[in-house]
Structures are given as C-alpha cells and as structure tokens.
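In the text below, chain A, chain B and the rest are named by the order of the sequence lines, each starting its count at 1.
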4 protein chains.
Amino acid sequence: MSGNTIGKLFTVTTFGESHGPALGAVVDGCPPGLELVEADLQADIELRRTGTSHFTSQRREPDTVRILSGVFEGRTTGASIGLMVENADQRSRDYDKIKDRFRPGHADYTHQQKYGFRDYRGGGRSSARITVATVAAGAIARKYLRERIGLTVSGWLSRMGPIDLEPVEPAFAYENPFFCPDPARVKELEEYIWNLRKQGDSVGAKVTAVARGVPPGLGEPMFDRIDAELAYAMMGINAAKAVEIGDGVAVASQLGSEHRDELTPDGFRSNHAGGTLGGITSGQDLLVHVALKPTSSIQVPGWTIDLDGNPVEIVTTGRHDPCVGLRAVPIVEAMLLIVLMDHFLRHRAQCGDVVSRTPDITRPR
Amino acid sequence: MSGNTIGKLFTVTTFGESHGPALGAVVDGCPPGLELVEADLQADIELRRTGTSHFTSQRREPDTVRILSGVFEGRTTGASIGLMVENADQRSRDYDKIKDRFRPGHADYTHQQKYGFRDYRGGGRSSARITVATVAAGAIARKYLRERIGLTVSGWLSRMGPIDLEPVEPAFAYENPFFCPDPARVKELEEYIWNLRKQGDSVGAKVTAVARGVPPGLGEPMFDRIDAELAYAMMGINAAKAVEIGDGVAVASQLGSEHRDELTPDGFRSNHAGGTLGGITSGQDLLVHVALKPTSSIQVPGWTIDLDGNPVEIVTTGRHDPCVGLRAVPIVEAMLLIVLMDHFLRHRAQCGDVVSRTPDITRPR
Amino acid sequence: MSGNTIGKLFTVTTFGESHGPALGAVVDGCPPGLELVEADLQADIELRRTGTSHFTSQRREPDTVRILSGVFEGRTTGASIGLMVENADQRSRDYDKIKDRFRPGHADYTHQQKYGFRDYRGGGRSSARITVATVAAGAIARKYLRERIGLTVSGWLSRMGPIDLEPVEPAFAYENPFFCPDPARVKELEEYIWNLRKQGDSVGAKVTAVARGVPPGLGEPMFDRIDAELAYAMMGINAAKAVEIGDGVAVASQLGSEHRDELTPDGFRSNHAGGTLGGITSGQDLLVHVALKPTSSIQVPGWTIDLDGNPVEIVTTGRHDPCVGLRAVPIVEAMLLIVLMDHFLRHRAQCGDVVSRTPDITRPR
Amino acid sequence: MSGNTIGKLFTVTTFGESHGPALGAVVDGCPPGLELVEADLQADIELRRTGTSHFTSQRREPDTVRILSGVFEGRTTGASIGLMVENADQRSRDYDKIKDRFRPGHADYTHQQKYGFRDYRGGGRSSARITVATVAAGAIARKYLRERIGLTVSGWLSRMGPIDLEPVEPAFAYENPFFCPDPARVKELEEYIWNLRKQGDSVGAKVTAVARGVPPGLGEPMFDRIDAELAYAMMGINAAKAVEIGDGVAVASQLGSEHRDELTPDGFRSNHAGGTLGGITSGQDLLVHVALKPTSSIQVPGWTIDLDGNPVEIVTTGRHDPCVGLRAVPIVEAMLLIVLMDHFLRHRAQCGDVVSRTPDITRPR
C-alpha cells in the first residue's frame, strides 16, 4: 500500500525501476475466458517504446513482455496475471554527476526526504519507463472491452507548447512520431522540436483521449465518480499537472445555458460534459485531457543543492525527450482503459440485473 | 463499495440524500487523543451553509452536526467517529414537474440508467447538500493537522465566469459571500451575479486552495501520487470538471527552463510545481485549483426527454444558486485536508523512522 | 481504516460505543431495487436483543433502528444506507470501581496501551452491544439473498460448556432463549446455567451456522477464499477464539479416504468440507462453527493491576450474561450473510457471463 | 481484486500457477532502509521446499527467488518489491486422466463452475506450490520485525492424525523433516507415515505458531481484530479448515474463572487468550493453531463425475505428500509474520505518538 496499485476490481499492481533487473505488473480480477497472447500486449507497448524516432530519447530496448501466469490454453483463467519486462539495458553508467545532487523538477529531492536515500539510476521508481507495465495492463482491458462490449479508446497530442492541434484525422495520430491528429501540422511540430533540441530545452504538452461505445451507468455518484477515478488515474502519470473532463477548465467561464447538454430521443445535443453526468457515464463519448509539464532533464544549466544542502550547479547531459508528452498517448489510453474496465466490473456487480424503462438515447435503435 | 468512502487510513464514508431523514459520515482511523467537540465541526459547516447570503440558494436549515461516537471525555478515542446532521427541511414539495423527466446537466438521466429509478427529491444522493458531511470530516483533519504539525489550509474564489481574481488579501475571502480574496472586486462580482439572476442563468467558477506547512515526503511515487489523490478528491466534488496542481494546464505551454523550480539552501526559487515533485510533497505550499461548471438548474427553458424517452420541455422553477462555485471553497478545503491527513498517516506508517541527511530547505532553520 | 469496515463490494462500516449517544452502520454497495423497510431489520435485531430472558443480561432498551438514507419509496436506491440506533440507556453509572483498573479477560488493558486512554463505560467500542449494527446490516443481505437467489441462513447453539447439542430440530432454536436446536435438552441447559449463576461464574459456548442454497462459485482461490473470509468475519465477533469450516479441527485426525467428499451426478456423497473446495463454494451447505470464550465479567474475585501498574483486586458487580454464546447466534448469522452477499457481488463482477458445461450437481434438475 | 492480495499497508500480491512459467509476488509498503538480499528470502523458501525428504512429494526444483525491484545498494527503497521464482519443472505430463474429471477434495469442480474451465496442470492456481511466493514475502517481514523490534516467530507440527505433539524442544522442529518439536516422537511419526504411504492414504495435521516479542497494541477493536486478521490469513492456506487463537475450541468448555488471564505487575498469570484481548495484542506470546485436512490426492480409488456430469472412477497416480501439514509450518509462519508486519505499520500510522501511563507488564523493566 505504497500506492502501487490502481483499481478496485480490475487491479493493476506494478513494480520495477528504470535500471533494476525487471519491471512488471500483476493484473488481478480479469474475467476468465478472454483470449490473450503476449502479442496482444506487445502492440500497445510498441506504441510507447522509447527510441521509436529521433524525437524521443534513445534507449533502444526490445521491451518484450512475458505473461507469467493467469493464462492457460490461450485464455485468461480468472487468476492473477503476472507480467514482466526484463531491463536489458542495465549497463553501468556514470551517475557521479547526479547521485549527490538533486535535479530540479525531478523527484530526487522528495525521494531523499521521504525515504532517506534514493535509487538515482535513471530516476528509479519515478522513471517514465515504468509505464510500460501500465500500458501492458491496459492492453488487457482494451481487448476485453472491445470484444465484449464494443468499447474503443483512442488518443492524440492536442497541444505542444504554443501549438494547438485538432483531431482532424484521429487515426493519423498512430502514423506519426508526434501522435499528431492533423497531417497538415506535422511539419510545424517537427520544426518546433528541432529548434527546442538545439536550445537544449524542453516543452510541455497536452494529450486528449476519447472512449467510444461506453455504456451508460459506469461510475458512482459520490467520491468514486468516473470523473474522479479518471482524474486520479491521469494525474498518476509522470509529469501530469492538470486533468480535464469534457470542456474542462473552460467551464469556469461558461453560462449554464451554454454548458448543459440537452437530451433528445436521438441523443444529446452537445457534449460539454464529456460523457459523464453526476459522476456516471451517460453513454456519450468520454473525453479527457491531460496537461504534462516539460521534461525536467534539460541542457540549460541550473542551480540546486547537494545531499548536504550546499548550493551546486547542475546540467543534464545525455539525450532526453524534449517533450514527454510525445510518449504519453499510449499511457493515457491505458489509464482510461483500466478505469473503464474496473468500473464495468463494479457496475455489473451492483447493478447487473437492473432494467431501466428509459431507452438508451446514445445508441441507434 | 459504491464509492462512498474516501481515504485509505483516515477514511470518510458518507451517507444521506438531500431530502432523506439525515446525512452524515463515519470517520475512521483518526488518531486518539485529539480534543474534539461539535463546535469544532460546526465552524466549517457554517461556512458552506446555504442561505448565508442572497447570492446562494435559500434553504434555511440549521445544519447542526452531532458526534455520535468516537469521542470520550472530549477527546477522540481512536474508534470510528459517527457524524450526523438531521434534515430538518423535509417538507413535501411538488416534484411532479421533474419526477418524470430528466433535467439537462443533472445526474437524473444517468441515475435512471444505472439504478433503474431515482430519488428525484432535490437531487437525491447527487445533491450538493451531501457535502456537509465531507466538510464536517474535513474539520477533524484540519484540527489535527494544525495542532500537531502546524499545517493550515485556506481557499478562495479565483474565477467567476469572465472575472479572474487574485489572492490580494486571502483572509478577506472569509468575510464576504463570494469567498473573493480581493476587497476591490466584490462590487464587480455582485453586479455580475445580480445580472445573471435576472436572466435566470448561471455561471461557472474556479476555486483555489493552498496548504501551508506541509511536511516534505507525503504522497507516493506511482499511482497514489499526492497530485493524483488530490485530483481524485477534487473531481469528486459536485460540478468539478478540471483539477490543476501548481501551474496546471499552463504547463502545456511552458518551457523546461521556465517550469523547473531551482533549489537553494533557503528554499525553492519558484513554485510552478505547486508543492509536489514526483508525486511527493516538497515542503512548499501545495496549490490546487478546481474548475466548476455552472449550475444546471436555470430558468432558461430547455429540451429533454421523459422517462419513456419522449421529448419534453423543461424549466427549473424555484431559486437556485446562480454559481455553485460560491459555496465550493469550504468543500475544496475539506477535501484537501482529508487527503493530507490520510497521507500524513500513510507516511508515518511506512517512513516513521526515516532520517535524511539533507536539510528541509523549506523550513527556516 | 481502523478496521471498522467489513466487505469489499457490500461493505459495512460501523460506529458507536456501549454508552455513547448512538451506534450504527453505513452499508455501501447494496444493489438498487430491493424492497426494504425498518421492520425488515428490526426482526433480526430483536433476536439478539439483551433482556429477552432472565438468562441474559438485563439492559432493557428498545434498540429501534432507523434507516437514514439509501431507501426511497420503499426500495434501495443503490446509495449508501445509513443505519442508526440511539442509545436510550445512557444513565450515569458508577464506574469508579473499574475506571482505574483493568478487568481480566477484557480489552481494558490493551485499549489503554494502544490508545493511551479508554472509554471505560460498559466496554466502550469493545462492547458486544455494537453488534446490533452488524445484525441490522446482515438483515439487508439476508433479504436480498433470499429474494434473489433463494439462499437462507440459520444457526443454533451447538455447545455450552460440557453440553453438546445436535440440530435435532433447527427451527426450534428460534423458540427458546438458548437457541438450543434440541427440545429435549432445554431443561438441561437451564439447570446448568442457573447453577453457574449461583456460583457467579460464566462458561464458553459454540455456535454453528449453515447457509443453504449457496450457488457454486463464490470465493477466490488464493487469500480471499470463502473459508478465509468467513474466518475473518467470525473471529471478528467479540469473544470468538476459534473458527471451523465443515469438519473443522477434526480434519487433523482424519484420513484422506475418510475426508474427501465424492461426487455423483446427484450431488456429493458427504460434506466433510463444509461446502467449500479450494476456497470456492461447491453448492453444498456452507457450514461454520465459532467457539466463544466465557464472559469475562464474573463475580469471582480476581487479581489485576491499576492504571499505574500496581496490583489490585477486582470483582465485577451487576448482572452479566453467564454465557455470551447465548446471544451470538444472530451475530454469527449476520456475519455469514454479509460475507456471502459480498462474494455474490464479487462473483457477478468477474464471472457474470461464465457458462460451464458441467451441470450443478447440488441442484435438483 | 480476485483476492490475490493480503494486507492493507504491507501488502503481498501473488501470481503464478503450479506449471506456468513462473510464480511470484509484489510486496508493497515495505519501509525503506531494510538491508535485504535474495539469500534472506531463500532461507525460508528452503524450509518449505518439496523434496526435502522422502516423506514429502518429489518435485525437485531449485526454487530460486529473484528480487526484481525495490532494493538498491542492498537496501529496500520503499518501492514495491517484485519477487519471482521460475518454474523450472514445466515438463509436459500426462494429464489425460484428470483433465476431464474432478478429483474429490480438490478445487477442480469449483474452479470449473466458477470460471467455466480450469488449468488442470498440477492444481493450477490452487496448488500448494504457490505458497513459495507467500513464504518469500514473509521472510521480508521476518527480517524487519526481528531487526527493528526484536519480534520472532517460530512454528511446529502439533498433531498428525492421532499423534499429539508438545513443544518439548521447539528449536528441534527445524532439524527434522516433520517439524516435530519433540525429539522423542520422531520415530513414531516416521512409522505412522510409512504405514500410511503403504496404504496409499493420507492424513490431516495441526500446526502451531507463536510470535514472541509482540508489542502491545497491534490490532483493532472491531472487524480487523488481530485474531480476525490471523484467522483470515491462516484459513487462506491450502487445506486449512480451522483456526484457533490461544486455547481455541477448548474455550467453549471453559469457565470464566478458568479462562481469564489475571494481570500482575510482572505480567499475566496465564495465557489462555493467546496474546490478544479485545482484538488487540497484549504483549504476551501470540499463539495460533491451524488444522489442515488430509491430502486429497490419494491412491485409494474413488467416485466422481466428468466434465459432462457423468459418473466416473478416479485414482490418483504419482507420488504425493501423505500429509500436507508436513510442509505447512513455514507457510503458517509467513502468514503470521505478514499479518504482524501489516499491523505494526497500521498501529504506527494511527497511534505513533501515543504514550500510556501504564507500564508494559510483559516486558522486564
């Protein structure tokens, strides 16, 4: 209970550090009978892999996931599913420059103060690399939800620094290294990021994800609202500093007559709410946005303190992602899938035999 | 486990509906020996009470909290603390206009689809009134944290519709019905809201809260980051649609050299992170913002469907808050306090005997 | 999280002390649509009430339960159900004889050492009176399970001191003050207990409960076996010192050829296992036994220490149950019901759509 | 949440099947700074290893545990600790005789009915082999508790079939294949079990474990009593059918004057309670007994049904433990350690700053 578990019924417990022997997860509560092979997970893992392009950092590991348990004769058994990825790249590096000082913007100082010491190799437990395990777990949820209830999730980069992006062609997001959903804007992003790299600086980003085919009724009215569970999940991603559902922060400026989504027999007239009302899914598309801070590892020198509190200068060497947001899309998708899977099961537990006289207006009859 | 509990060690489980017999909470895990009387809770409850001014809705209930258990001879015993507020105002109203149709923007439709029917009296479980219990629970955390570690929390209205507000005089927030932290802007808010009321419309808002005196080390590196726990808590407030930590959504546009907070022996040079690094508090002020959507109950007529899916028109009668954000400050504070209390205990459990050689740069030596 | 909650999906969180203002529970996760009125709970509460006969202690309270929330128009809404029983009997007693010394066999000393002080009025949180809340919660589970899946639970006194009792006529257990399931043995019990009372002593007991109509498949293969969950629940009852499933401790002396229950198309040939195999219900009757220690409050003088550790003599005055086991049957039943309800929902969540080609041999075809 | 996690603060989540690729656990919540190497875990694993003698079954695997995460420079970091044991022995066996029929006394039938199919290889998830992971996790708790608070745990075989054993020489239990605590009785056990093996039958057993140096105050007064948590943990061990604390089932026959443990300034006069009062440890030795059913795999033919419900005969071939109890001691110890570790942290969280004026009578002054 140091908070390495997400979910209540479909639970994902992760372990591993950037440069330890291996990382992985235990996925518990998966329904039995789901056809599952390692390739199902590998596809999602490939999407987030480092080194996919020269715009992200250079760690070239295969990231091969192994299913250690919970699958028999190609189907999930209902038992806990052990997942593991060996850290091939454990070569001894030179950490002398950072082991005795705290990189600004990183978790170095807070780990030191919480635990009394820290695993300084590549960020230790706070490395973005750990999200491989989350992505693998999300792939299980993805397969179940798609096959059983036709729910699908997709995501894209919706902002990078000053550049706002519209989902002109969402599928295109998976065909370029920026997860950019607009073919016309790729060149702009490319130039911006090359320029950034030359300056040794980094930039923030925003990622958007949408779930389609969500059944109405998922979530809870009080604390475990679907919005709250999504906020928790998304803010649990490295570098996340804001989470928005539907219109998000813009609602603070909206009028009631503008925000509310009217209902008709053929569906809602708009979707300012982002697919949730009172913490419960409405059947509309569920829409979530995550703002991610710029990479803290930059080549611009800065000031910090050392282990004894003395002032020292620091500069990060080596190559790092100039924008962590570029790799966040698969992670945001995985988190969205894990939350929806968990609440699909929770809803079935409590309300599995409920019948409403009111038709589901979000589904074509 | 329909999600009416928040917290892992300091847990708050609430119950009650807008027009049921009573509402309340069970607070479990409170350390023993804390001096506690009902007046300690009543103070916070008064702050959020409806009817405090003509700018919020008119329910005039005393909201008197009773402590039913867990306190003996004026001190907490370590047992679960039962809290109850009777609903004095249960008078029979005329719900005929809404019981068979779904108010747009409300949880009516989603409750119907999840549970098969709904408690249509005043919003039922989804009423903002339920937050009285949360506020009472938060008051226990407030007292403990202030007395034992000197941690304090305060909040204010940081935006209402088009009006942005700076915390020019934070203490003034508690002296005006808008929780406005700037004496010079009260008149502007007053005019805006009167105008809104005349139009029968409503508006969104943003609330900001800050925790001061937070010890470094609270939170966890992976899913249960302090940011994630705050996001969950805040998004669990009625009408919340976005949560931001520190610079929030603005980080998507920031450069790394701009965002990172440099460390010095005398503290951090800035606080873009909002008091947390890698999911763990740094000792800086913890800063959180919540965007709340406009009240859905407005007098502007709109379209919806009835229980059988037929189109019908709807208009809300009676007086309602034109801005739910005006009452959200005490709730946001309570949520912040509950999360910090929970993580204070969690940190003591795991790291109670940790000593760091590095000085706490956020505390004057 | 001071352990006042039982259950994962159907959760019961209790509060209250023997002589505080009130006691109660929040029941969360109950499916919506269950018809429920206070009389449904009152029936079970009456069964456990003190003062029902001159064989148990003399507190004559009405124990009237109020439903504070979660029920609308006579049906559960899916929201948390608040339950409360006011403590009518809070009259000031003379605690001078026990407040500064620790009654042997009671929780006095351990409360003092854990919390630094204790609520000495009638046992405080450790009073058996608190189980009223558990019994009320169990009554909700009882109604749901009986109405929806035809599952029923009953219990009886299976031992008192040297007297072993067989369930000759189980229904008779509810018609005598001993919960004795054998009409021919009541007189024997009566004489034994009158004799005990004359000596000012007390005696232990064993209670047995059985669930009939349990569907196969409830429980989990690893830690949360149905046996383990029952053991936890039963050992959570005041005075419980042993829990047995099926043949219980006797299995330590059995041969494999004697213990294993053979399967036939018409059911199992025996039920040594007590209705569970590998932690999962088989569809057979689920059988659990609980051994309860003798009442610690006796009129035989004994030695103890005072608050400062000095030796002092102690003798309990006032009338107390000579056998706590006499009131335990409704509590054991409630615990069994709560565990089964929780696992019924858990099973539906994970395996709600599972179909087995193997017929259920425990059900007549 | 299929119940593969034990603990609330010190949590152990296990995965793996008898003949899958690997088994293991994620241990979360371990305090930082504990010196830990794989050899610390291996010692406990060796104790439970199959094939240690000809009295237990013949699987000859090395059972080498790997620490995958959570340890850096020889010390725990506070991050989740991944543990893995590869299943070296995955050779293809002939399961044709059991894959289409249900072994009586095994979890075969219940797995089929719960999940719709089952992993029939060596018991799948219900194999006793899985406890390797639990034992490894327990070894971490053992090291922490011994080093930090001087708490130690030991266990022994206290009964096998008709043979009762007294802890004449507890340390001797680790020097013979029966975990027999009495050197004079080993020969008797040996003869009994050889005879049993000749008959192709099996027998039940009882295991006892004791924790010494337990601080007073661990546990909770209501559901999460230390007794209840132990009962849950112990009943979660394969084959367990009864759990007793202190005098256990015998309390049902005891008088109050006989059972209660009087207090003196130099400690308690007896320990019928087994080290716990009102669900909270008293500082006395904590004593728990577990009754384990006889091995279900025996060579005596029996009747069962096949996958379609038709009657078939079954006989188990291959060699199996004639008494599972012989290997249970290390598992019972591990469970006891995990529960105590969890509650040590829980107690520190809530009561970390409590001071009692009453001396601890169980510790020499």
Side-chain angles (χ1 to χ4, degrees), chain B residues 1-5 7-17 19-33 66-73 75-87 111 114-121 124-126 130 133 342 345-346 349, chain C residues 1-5 7-17 19-33 66-73 75-87 111 114-121 124-126 130 133 342 345-346 349:
Chain B
M1 227 275 299
S2 300
N4 293 292
T5 299
K8 295 224 168 57
L9 288 189
F10 183 82
T11 62
V12 179
T13 304
T14 70
F15 64 90
E17 292 89 39
H19 287 72
L23 53 87
V26 181
V27 178
D28 202 8
C30 184
R66 281 178 68 197
I67 297 177
L68 301 180
S69 67
V71 175
F72 178 59
E73 296 183 339
R75 286 183 297 161
T76 56
T77 61
S80 47
I81 302 171
L83 302 175
M84 186 179 66
V85 175
E86 301 261 0
N87 276 330
H111 270 251
K114 182 176 187 65
Y115 301 116
F117 79 119
R118 72 182 217 273
D119 179 349
Y120 47 73
R121 302 165 303 165
R125 181 74 181 142
S126 286
I130 311 309
D342 191 40
L345 298 183
R346 290 175 67 172
Chain C
M1 230 275 299
S2 302
N4 293 292
T5 298
K8 295 224 169 57
L9 288 189
F10 182 81
T11 62
V12 179
T13 303
T14 71
F15 64 90
E17 291 90 38
H19 287 72
L23 53 87
V26 180
V27 179
D28 201 9
C30 185
R66 281 177 69 195
I67 297 177
L68 302 179
S69 68
V71 176
F72 178 59
E73 295 181 340
R75 287 184 295 162
T76 57
T77 61
S80 48
I81 302 172
L83 303 175
M84 187 180 65
V85 175
E86 300 262 0
N87 276 331
H111 270 252
K114 183 175 185 66
Y115 301 117
F117 78 120
R118 72 182 216 273
D119 179 350
Y120 47 73
R121 301 164 303 165
R125 182 73 183 144
S126 286
I130 311 310
D342 191 39
L345 299 182
R346 289 174 67 172

Just jot down the ring-ring contact (aromatic ring centres under 6.0 Å, His included) partners of C:Phe72, sequence neighbours excluded, or say none. B:Tyr120
Which of the residues C:Leu345, C:Ile67, C:Val26, C:Thr77 is involved in the greatest number of heavy-atom pairs with chain B at under 4.5 angstrom? C:Thr77
Picking from B:Asp119, B:Val27, B:Thr5, which has the most non-hydrogen pairs under 4.5 angstrom with chain C? B:Asp119
Non-hydrogen atoms of chain C under 4.5 Å away: do they reach the side chain of [X], the backbone, both or neither?
| X | value |
| --- | --- |
| B:Arg66 | side chain |
| B:Leu23 | neither |
| B:Tyr115 | both |

d(C:Arg121 CZ, C:Glu17 CD) to nearest 0.5 Å is 6.5 Å
Gap between atom CG of B:Asp28 and atom OG1 of B:Thr11 - 0.5 Å precision: 4.5 Å
Assess, by modelled atom type and distance only, whether the side chains of B:Thr14 and B:Arg125 contain a donor and an acceptor separated by less than 3.5 Å. yes
Could you check whether any side-chain heavy atom of C:Ser126 comes within less than 4.5 Å of a side-chain heavy atom of C:His111, counting everything from C-beta outward? yes
